[in-house]
Amino acid sequence: MASFVFITGATSGFGEATARIFAQNGFSLVLMARREERLEKLKAALSSENVAVETLCCDVRIEADVNKAVESLPENVKNNIRILVNNAGLAVGRGPIDKGLTDDWERMIDTNVKGLLYVSKAMIPFLKANGNAQIINIASIAGKEVYAGGNVYCATKHAVDALSQAMRIDLVEYGIKVTNIAPGAAATEFSIVRFKGDSKTADAVYEGYDPLLAQDIAETIWFVASRPAHVTINDLTIMPTAQAAATVLWKK
Ligand code: NDP
Ligand code: 8X3
C-alpha cells in the first residue's frame, strides 16, 4: 500500500496545495480540517486508482476529537502514515497587547500550539512504528521575529519553533525527522481570517509586491519530504523576495 501523508488544515492555502502536490507524487492522503464540504470536494478531486484519500472533519483544539478521529482511521491507513504536516493554524487580530481580546488569544494558542501538540501526540506512536517517518511543522517568520501588533501570534509561532527543536531531540532515537518551515507573507485565506472577514484590510497586506503563493510552500514541503533517508532539513525560512524581514517590505 502507498505511504500516507497526514495534513492538518487541508481545506485552504498551504494545506490544500500540499495535499495536491503529494497526490501528484503518488502519496495517499489523510486530510484534517473543520470545513467538511471542502474536505469532501478535495477528496473527490484527488482520489484516484493510486491515491486513497481519508478525510477527518475535526477541530484540532479539541483533544478528545483529535484522538477519536485518528482512532477512526482504518488500520491499514494508520500503519502506512509516514509524514505528518502540522499546518493548521491562524492569526486572529493584529494590534497592541493592551487592546488584545482574550478570545482571539485563546483561539491562536489553542489552535497553533495546543492543537499541534494534540495531533502530534496522537500520531507519534504510528510514526514510530511505521519507520522512515517525518514531522513537518509550519511555523512562520513570526516565530523568528516579533513585529508590532503581532504579540500573541508571534508567541505561538515561537512556541512552534521551540517544539520543532524539542521534537527533533526527543524523537531522534526513533529515526523521525523533524522539519520546521518558517514562511513570510503568503497570499492565502490567512489575512481574511486574521482581519475577521475585512477583505479590504486583508487584500492590502499583499499589495505592492509579489507575496509567496500556497504552491511555493507546497513545493518546499514536498522538497523536504523527498530528501533521502539520511538527510533532514531541520529549519527553513522562505520569504517573498521583496520581504527582507518580518516588517521590511520593498513595495513598488
Ligand atoms: P489558511 O487560512 O488559508 O488555511 C488555514 C487552514 O487551517 C485551513 O485549512 C483551516 O481549515 C485550518 N484550521 C484553522 N483552524 C483549525 C482548527 N481549529 N482545526 C482544524 N483546522 C483548522 O492559511 P494558510 O494556509 O496561510 O496557513 C497555514 C499555516 O501557515 C498556519 O499555521 C499559518 O499560521 C501559517 N503561516 C501562514 C503564512 C501566511 O502568510 N499565509 C506565513 C507563515 C505561516 P478549517 O477552517 O476548514 O478548519
Ligand atoms: C504569517 C506571516 O508576517 O503575518 O505567519 O506573521 S506574518
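Counting convention: from 1, in listed order, for ligands and their atoms alike. What's counted below: heavy atoms across the whole structure, side chains too, no hydrogens, waters or symmetry copies. Here the structure is a predicted model, which is why all the values come from computation and not from measurement.
For atom 4 (O) of ligand 1, the nearest non-hydrogen atom of the protein is S12 OG, 3.7 Å. Among protein heavy atoms, the minimum distance from atom 37 (C) of ligand 1 is reached at F14 CE1, 3.5 Å. Nearest non-hydrogen protein atom to atom 34 (O) of ligand 1 is Y153 OH, 2.7 Å. In terms of protein heavy atoms, atom 24 (P) of ligand 1 is closest to T188 OG1, 3.5 Å. Summary of contacts: the protein heavy atom closest to atom 43 (C) of ligand 1 is P183 O, 3.2 Å. For atom 2 (C) of ligand 2, the closest non-hydrogen atom on the protein side is S140 OG, 3.7 Å. Of all protein heavy atoms, the one closest to atom 20 (C) of ligand 1 is C58 O, 3.5 Å.
In the model, R82 has a side-chain atom that pairs as donor or acceptor with a side-chain atom of S3 under 3.5 Å. For the residue pair S164/D235, the side-chain donor-acceptor check at 3.5 Å is not satisfied.
Contacts between K157 and ligand 1, counted as non-hydrogen atom pairs separated by less than 4.0 Å, involve the side chain only. Of the heavy atoms in R194, only side-chain atoms (C-beta onward) come closer than 4.0 Å to ligand 2. Neither the backbone nor the side chain of Y118 comes within 4.0 Å of ligand 1, counting heavy atoms alone.
Both I135 and Y118 sit in one connected hydrophobic cluster of ILVMFWY residues. Membership requires side-chain heavy atoms under 4.5 Å apart, directly or through other members. By the rule that hydrophobic residues join a cluster once side-chain heavy atoms approach within less than 4.5 Å of another member, V51 and W222 end up as members of one cluster. In the hydrophobic clustering of this structure, V5 groups with L236; members are Ile, Leu, Val, Met, Phe, Trp, Tyr whose side-chain heavy atoms approach within less than 4.5 Å, directly or through other members.
Between R34, M32, E189, it is R34 that holds the heavy atom closest to atom 16 (C) of ligand 1. Counting heavy atoms only, G89 comes closest to atom 5 (C) of ligand 1 of the residues S140, G89, A88, A186. Closest to atom 3 (O) of ligand 2 by heavy atom, among I141, L90, N112, is I141.
Residue I141 places no N or O, backbone or side chain, under 3.5 Å from any N or O of ligand 1. Considering backbone and side-chain atoms alike, G9 places an N or O below 3.5 Å from some N or O of ligand 1. Polar contact check, V60 against ligand 1: a nitrogen or oxygen pair lies under 3.5 Å apart.
Residue A10 approaches ligand 1 through these ligand atoms, each under 4.0 Å from one of its heavy atoms: 9 (O). Those atoms of ligand 1 with a heavy atom of T11 less than 4.0 angstrom away are 8 (C), 9 (O), 10 (C), 11 (O), 45 (P), 47 (O). For ligand 1, the atoms lying closer than 4.0 Å to a non-hydrogen atom of N87 are 28 (C), 29 (C), 30 (O), 31 (C), 32 (O). Interface of Y147 with ligand 2, defined as ligand atoms under 4.0 Å from a residue heavy atom, comprises 3 (O), 4 (O), 6 (O), 7 (S). The ligand atoms of ligand 1 that sit less than 4.0 angstrom from a heavy atom of D59 are 17 (C), 18 (N), 19 (N). Close approach of ligand 1 to G184 is summarised as follows: ligand atoms under 4.0 Å from at least one heavy atom of the residue are 40 (O), 42 (C). Within the listing of ligand 2, atoms 6 (O) sit less than 4.0 angstrom from a heavy atom of A142. Listed by atom number, the atoms of ligand 1 under 4.0 Å from A185 heavy atoms are 40 (O). When each atom of ligand 1 is checked for a heavy atom of R61 under 4.0 Å away, the hits are 18 (N). Set against the non-hydrogen atoms of Y153, the atoms of ligand 2 under 4.0 Å away are 1 (C), 5 (O), 6 (O). Remark: ligand 1 atoms within the under-4.0 Å shell around heavy atoms of G13 are 3 (O), 25 (O).
T241 has its side chain out of reach of D210: every pair of non-hydrogen atoms, C-beta onward, lies at least 4.5 Å apart. Here the side chains of E63 and N67 are in contact, with some heavy-atom distance below 4.5 Å. Contact check for T11 versus L39: side-chain heavy atoms found under the 4.5 Å cut-off. In this structure the side chain of W105 reaches within 4.5 angstrom of the side chain of I97, judged on heavy atoms.
Contact annotation: A139 has at least one heavy atom less than 4.0 Å from an atom of ligand 1. Residue-ligand proximity: A142 is placed with every non-hydrogen atom at 4.0 Å or more from ligand 1.
The environment of CD in E36 is sparse: at most 12 heavy-atom neighbours from other residues, nucleotides or ligands sit within 6.0 Å.
Shortest non-hydrogen contact noted between L29 and A19 is CD2-O, 3.7 Å. The shortest non-hydrogen separation linking R227 to F223 is NE-O, 2.9 Å. A pairwise comparison of heavy atoms in I83 and A225 identifies CD1-CB, 3.8 Å as the closest pair.
The one candidate from F14, Y206, F195, Y153 that meets the ring pair (Phe, Tyr, Trp, His ring centres under 6.0 Å) condition with F190 is Y153.
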### Message
Between V53 and L31, is the side chain to side chain contact (heavy atoms under 4.5 Å, CB included) condition met? List the steps.
### Response
CA-CA 7 Å; V53 182; L31 307 177; 3.7 Å; yes

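L46 contributes atom CG, which lies 11.5 Å from atom OG1 of T55 (distance to the nearest 0.5 angstrom).
Here F4 and F126 keep their ring centres 6.0 angstrom or further from each other.
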